[in-house]
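Contents: one structure, followed by commentary.
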Amino acid sequence: EQNWNVFSMVKFDVKRTSDGGRELKFIVDLKPTFELLDYKNLTIDEPEITVSDEDISGAIEQIRNHHADYREVKRPIQAGDFVRLQYTGTLEDGTKIIDLIPKAPIWAEQKNTWEEAGSRDAPGIPAIIQGIIAMEVDGERAIRMEFANDFELPELRGKKVIYHVKIFEIREKILPQLDATLFEKLKVKDRDELKERLTIDLRNRKLQKLRFEQRESVVQKMIKSATFDIPETAIEYEQMYVIRNFVERQVREGVAAEVIQNYSDKLLEDTRELAQDRARVNFVLEKIAEKEQISCSEQDLSQMIMQEASMLRIAPDQLIAILKENRERAQDLQRRALFGKTLDFVLSSNLKKTSHGAEENFIDGEKDQTFLENEEEIARIKVE
């Protein structure tokens, strides 16, 4: 009768009255009412995409690294070598780090692990990665590291740790020559064809990055325009989505649930502002989808399942099994697929004729794996 646009039911009570009737008391959160921004006339940067010789050279070196061989050597460790070693960390008073952080052994001890000596980007303990240079096989060394006061693990903040390191094996990385042997592995005829393939791939990567930045620009404009009040349940809903995905990824990466539980209050605090922004954008996108009569097809949902499974680092079939058992989560995924499609519609409406050529299709299905992505997949399998 009131024609309310309900977002969620907060509370519902039923009581029998003295005359045999029923009394209903309920609290609902209503969807906000607001005027849409002029979403078809947004100012969005559209810079020209270029691929430089430096870009090509960098990509070629990346490919050479992916196809490198690792030769065992008997000499002191040099920067760039891959080293098999073990280490055990203790505090200056002799306390073993593994006793302080049993659920995060990478910072405590490893019985048999590989490190890239001297690397500035490799994961691991920086002091060890730098400190093993010049050591030899069977060599042992005590390496000190002082952790920052804001380090991610409270148990190690501001602590001075001594790592006792022993070297087992040293391997030198040998990069392949850019010759017929490598071209055959890459399934290209010669250097010119390789450069041509890389130019296409790099341009597509830059275009994907640009489209991501443009989507973010559209989202920020929506957030700025959405000055309406947000139902508290909408914020809580988005918080639970963000936290759930974060926790699932952390658990699959080996972080114990108890460790994550210790940070639950911090997670709620840190995700509230993000959840508010997500809720604002979703209300705007929902209204645009209604106005433009945008719907979610089976193909859209399939693509969303692939993206979600990739983000969670599980097989699509595993996610489908989860969705079959959790109807609310399945509906949520379908809703987000619709919002993603609507966001692409808004972006395409503002970039109908781009400086990059003909009109682009922003809502296509799965794209084929690019040449560079295929090389990265080969390298990942090789490492694992």
Side-chain angles (χ1 to χ4, degrees), residues 65-66 68-175 246-263 312-314 376-384:
N65 274 280
H66 289 168
D69 286 325
Y70 297 87
R71 181 180 63 193
E72 188 171 359
V73 292
K74 301 294 183 182
R75 57 159 174 75
I77 297 170
Q78 299 175 3
D81 288 342
F82 282 76
V83 183
R84 186 165 64 88
L85 52 82
Q86 73 174 24
Y87 60 82
T88 302
T90 59
L91 296 180
E92 293 179 313
D93 63 4
T95 303
K96 290 185 177 181
I97 303 302
I98 194 65
D99 294 335
L100 296 177
I101 49 170
K103 303 297 184 179
I106 189 173
W107 299 104
E109 66 177 29
Q110 294 289 299
K111 300 298 184 183
N112 193 351
T113 188
W114 287 89
E115 301 290 354
E116 182 181 0
S119 173
R120 300 290 180 184
D121 303 317
I125 299 173
I128 293 178
I129 291 171
Q130 301 301 324
I132 59 177
I133 291 176
M135 291 182 68
E136 299 185 33
V137 172
D138 293 329
E140 298 186 36
R141 178 177 292 178
I143 298 175
R144 296 176 179 272
M145 178 167 174
E146 184 172 351
F147 286 85
N149 291 325
D150 60 351
F151 186 65
E152 59 186 275
L153 298 176
E155 296 86 350
L156 294 182
R157 288 174 186 167
K159 295 288 195 306
K160 295 178 180 178
V161 178
I162 303 169
Y163 288 101
H164 298 273
V165 180
K166 182 175 181 178
I167 306 300
F168 297 134
E169 186 179 345
I170 305 169
R171 288 184 177 267
E172 179 183 16
K173 182 163 67 174
I174 309 296
L175 295 177
F246 171 78
V247 169
E248 287 181 354
R249 288 199 304 274
Q250 294 298 306
V251 169
R252 285 188 174 87
E253 289 175 4
V255 180
E258 310 89 76
V259 175
I260 300 172
Q261 184 64 35
N262 292 337
Y263 297 93
L312 293 173
R313 299 179 184 177
I314 61 175
E376 289 167 355
E377 181 69 6
I378 291 171
R380 182 187 65 78
I381 293 170
K382 186 175 180 181
V383 168
E384 289 181 350

- Please lay out, stage by stage, how T90 and T95 fare under the test side chain to side chain contact (heavy atoms under 4.5 Å, CB included). CA-CA 5 Å; T90 59; T95 303; over 6 Å; no
- Got a second to check how far D81's CG is from I132's CD1, nearest 0.5 Å? 8.5 Å
- Tightest non-hydrogen contact, residues I129 and E116, listed as CG2-O, 3.2 Å
- Message: Can a donor-acceptor pair be found, under 3.5 Å and without considering hydrogens, that links the side chain of R141 to the backbone of G131?
- Response: yes
- Note on the structure: What one should report as the nearest heavy-atom pair of A142 and I162 is CB-CG2, 4.0 Å
- Item | Distance (rounded to the nearest 0.5 Å) between N65 CG and L175 CG | 5.0 Å
- Looking at CE of M135 and CD1 of I170, how far apart are the two atoms once the value is rounded to the nearest 0.5 Å? 9.0 Å
- Query: Counting only heavy atoms not in R157, do more than 12 fall under 6.0 Å of its CZ?
  - Reply: yes
Report, one line per pair, each donor and acceptor closer than 3.5 Å where one atom sits in a side chain of residues 149-156; sequence neighbours left out.
none

- Any chance CZ of R75 has more than 12 other-residue heavy atoms, nucleotides or ligands included, within less than 6.0 Å? yes
- Item | Inter-residue atom distance Y87.OH - E109.CD, 0.5 Å rounding | 9.0 Å
- Item | Contact summary for A134 and P76, nearest pair of heavy atoms | O-CB, 3.7 Å
- Which atom of P123 lies closest to which atom of E115, heavy atoms considered: O-OE1, 3.5 Å
- Out of curiosity, I97 CD1 to T88 OG1, how far, rounded to the nearest 0.5 Å? 10.5 Å
- Message: Using 0.5 Å steps for rounding, measure from the CG atom of L91 to the NZ atom of K159.
- Response: 7.0 Å
- Query: Do side-chain atoms of R171 reach the backbone of Y70 as a donor and acceptor pair under 3.5 angstrom?
  - Reply: yes
- Query: Just wondering, more than 12 heavy atoms not from K173 lying within 6.0 Å of its NZ?
  - Reply: yes
- Query: With a 4.5 Å limit on heavy-atom distance, are the side chains of E140 and Q86 in contact?
  - Reply: no
- Task: Kindly give the heavy-atom pair with the smallest separation between A117 and V83, and that separation in Å.
- Result: CB-CG2, 4.4 Å
- Query: At their closest point, which heavy atom of A108 faces which heavy atom of Y163, and how far apart are they?
  - Reply: O-CE2, 4.0 Å
- Do the side chain of Q130 and the main chain of S119 share a donor and acceptor less than 3.5 angstrom apart? yes
